[in-house]
Amino acid sequence: MLAYNHPYIISIAAVSGGGKTTISKELHQLLQQSKVIYFDDYQLEGPEDIIDWVDRGANYEEWDITPLIQDIEKLATESLHYIILDYPFARMHSKLRSSIDLAVFIDTPLDIALARRIIRDYQQDSKVELFKEMDLYVNYGRKGYLEMLTSIKPNSDLVVDGTLTVQDILINITEAMKVNQRDLEEK
């Protein structure tokens, strides 16, 4: 757990293709003296089979997020006002839960998120590869997306409509930050 005077920590969660990285980058541009930590930059120890993990109850404690926490602690010693986490777990992992000041979930409809993933990840692949990915999504991967909707979304401080423009999502987040920061100052 970080000290009281740590930088304000915002976690941005969404399903894959839901806009986490886009919003994290844009928020970083908007907020002075901020840094972003991207979950996908880490090779974290965790369940090897995500679908099996979901089927067993999706225990977020099975993930060793120590490297991520160490980087947050390093950044907390810098002259930063904000740390933005592009981080899919929101408040679900006990080792980071109390350090997050605002947990945001971008609620993007699954069809839009899937379409964004296809556009982003499969432009250079053959139709065969694309069809394989679609089959995996229908038969297995969708379970992971639904897990986020049932656990991450309700455990977030702010749920933002993922169909809004990037600008409108940023407005929602910065407004929630103002209210949240006032609440923290009053404590």
Side-chain angles (χ1 to χ4, degrees), residues 1-44 60 63-109 112-113 115-117 119-121 145 148-149 151-187:
M1 186 164 135
L2 300 174
Y4 175 75
N5 62 350
H6 69 78
Y8 189 86
I9 299 178
I10 309 149
S11 75
I12 308 292
V15 298
S16 181
K20 286 184 303 296
T21 302
T22 297
I23 295 304
S24 295
K25 287 178 180 177
E26 292 294 325
L27 195 57
H28 170 59
Q29 293 300 314
L30 186 65
L31 299 175
Q32 294 182 4
Q33 292 183 279
S34 67
K35 294 247 175 124
V36 183
I37 292 179
Y38 298 98
F39 181 83
D40 289 345
D41 287 348
Y42 294 83
Q43 299 290 324
L44 300 176
Y60 291 85
W63 293 87
D64 179 7
I65 61 170
T66 303
L68 183 85
I69 292 169
Q70 290 170 339
D71 284 351
I72 292 168
E73 289 172 345
K74 285 179 198 169
L75 287 179
T77 66
E78 296 182 19
S79 300
L80 294 176
H81 292 192
Y82 305 97
I83 297 173
I84 303 158
L85 303 177
D86 178 335
Y87 174 68
F89 298 167
R91 294 187 188 278
M92 293 302 291
H93 200 292
S94 65
K95 290 186 178 177
L96 196 49
R97 181 178 297 133
S98 64
S99 296
I100 295 171
D101 295 300
L102 182 67
V104 177
F105 183 80
I106 304 168
D107 190 13
T108 304
I112 293 173
R116 288 178 181 168
R117 273 193 57 231
I119 292 166
R120 178 188 73 203
D121 297 342
Y145 284 57
M148 292 193 76
L149 296 178
S151 64
I152 303 300
K153 180 180 173 180
N155 284 290
S156 296
D157 303 310
L158 174 66
V159 177
V160 181
D161 181 349
T163 64
L164 295 174
T165 66
V166 169
Q167 190 59 38
D168 285 339
I169 291 172
L170 292 173
I171 289 169
N172 275 271
I173 293 170
T174 55
E175 288 299 317
M177 288 171 60
K178 289 176 191 172
V179 170
N180 184 261
Q181 286 174 318
R182 275 196 303 267
D183 292 346
L184 290 173
E185 288 171 2
E186 290 175 4
K187 287 183 179 179

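Below, all heavy atoms of this structure are taken into account, side chains as well, without hydrogens, waters or symmetry copies. Note that the structure is predicted; figures quoted are calculated from it, not measured.
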Counting only N and O atoms by type, is there a donor-acceptor contact under 3.5 Å from the side chain of His81 to the main-chain atoms of Gln32? no

Is the shortest heavy-atom distance from the side chain of Ser99 to the side chain of Glu73 under 4.5 Å? no

Asp107 meets the side-chain contact (heavy atoms from CB on, under 4.5 Å) criterion, sequence neighbours left out, with Phe105, Leu149, Lys153, Val159

Calculate, to the nearest 0.5 Å, the distance between atoms OG and CD1 belonging to Ser156 and Ile106 respectively. 10.0 Å

Examine distances only and state if a side-chain atom of His93 and a backbone atom of Trp63 form a donor-acceptor pair shorter than 3.5 Å. yes

Can you tell me how far apart CD (Gln70) and CD1 (Ile65) are? Round to the nearest 0.5 Å. 11.0 Å

Minimum heavy-atom separation for Leu80 and Ile83, please, with both atom names. CD1-CG1, 4.2 Å

Gap between atom CG of Asp101 and atom CD1 of Ile10 - 0.5 Å precision: 8.0 Å

CD/Glu78: more than 12 non-hydrogen atoms of other groups inside 6.0 Å: yes

What's the shortest heavy-atom distance between Ser24 and Val36, and which atoms? O-CG2, 3.8 Å

Does Ser34 use its side chain to pair, donor to acceptor, with the backbone of Tyr82 at less than 3.5 Å? no

What is the minimum heavy-atom distance between Pro88 and Met148, and which atoms define it? O-CE, 3.3 Å

Drop me the distance from Met92's CE to Ile100's CD1, to the nearest 0.5 angstrom. 11.5 Å

Closer than 3.5 angstrom, by distance alone: can the side chain of Arg117 be matched with the main-chain N or O of Ser16 as a donor-acceptor pair? no

If the condition is ring-ring contact (aromatic ring centres under 6.0 Å, His included), which residues does Tyr60 pass it with, not counting sequence neighbours? Trp53, Phe89

Are any of the side-chain heavy atoms of Tyr8 and Leu31 separated by less than 4.5 Å? no

Counterpart residues, side chain to side chain donor-acceptor pair (under 3.5 Å), relative to Asp86 (two or more places apart): Thr21

I want to check something: taking the side chain as every heavy atom from C-beta on, are Leu75 and Pro7 in contact at a cut-off of under 4.5 Å? no

Distance col, row Leu158:CG vs Glu175:CD, nearest 0.5 angstrom, shows 11.0 Å

Nearest non-hydrogen partners of Val15 and Thr108, listed with the distance: CG2-O, 4.4 Å

Within the 4.5 Å heavy-atom criterion, are Ile72 and Leu96 side-chain neighbours or not? yes

Side-chain heavy-atom pair Ile37, Leu85 within 4.5 angstrom cut-off: yes

Smallest separation among heavy atoms of Tyr87 and Ser11, with atom names: CD2-CB, 4.3 Å

Short question: side chain of Lys20, backbone of Ala14 - any donor-acceptor pair under 3.5 Å? yes

pair Arg91-Asp157: side-chain heavy atoms closer than 4.5 Å: yes

Quick check: does any side chain N or O of Gln33 sit under 3.5 Å from a backbone N or O of Ser79, one acting as donor and the other as acceptor? yes

Testing the basics here: between Glu26 and Leu170, what is the closest heavy-atom pair and its distance to 0.1 Å? CB-CD1, 3.7 Å

Going from CG on Leu102 to CD1 on Ile173, what distance comes out if it is rounded to the nearest 0.5 angstrom? 7.5 Å

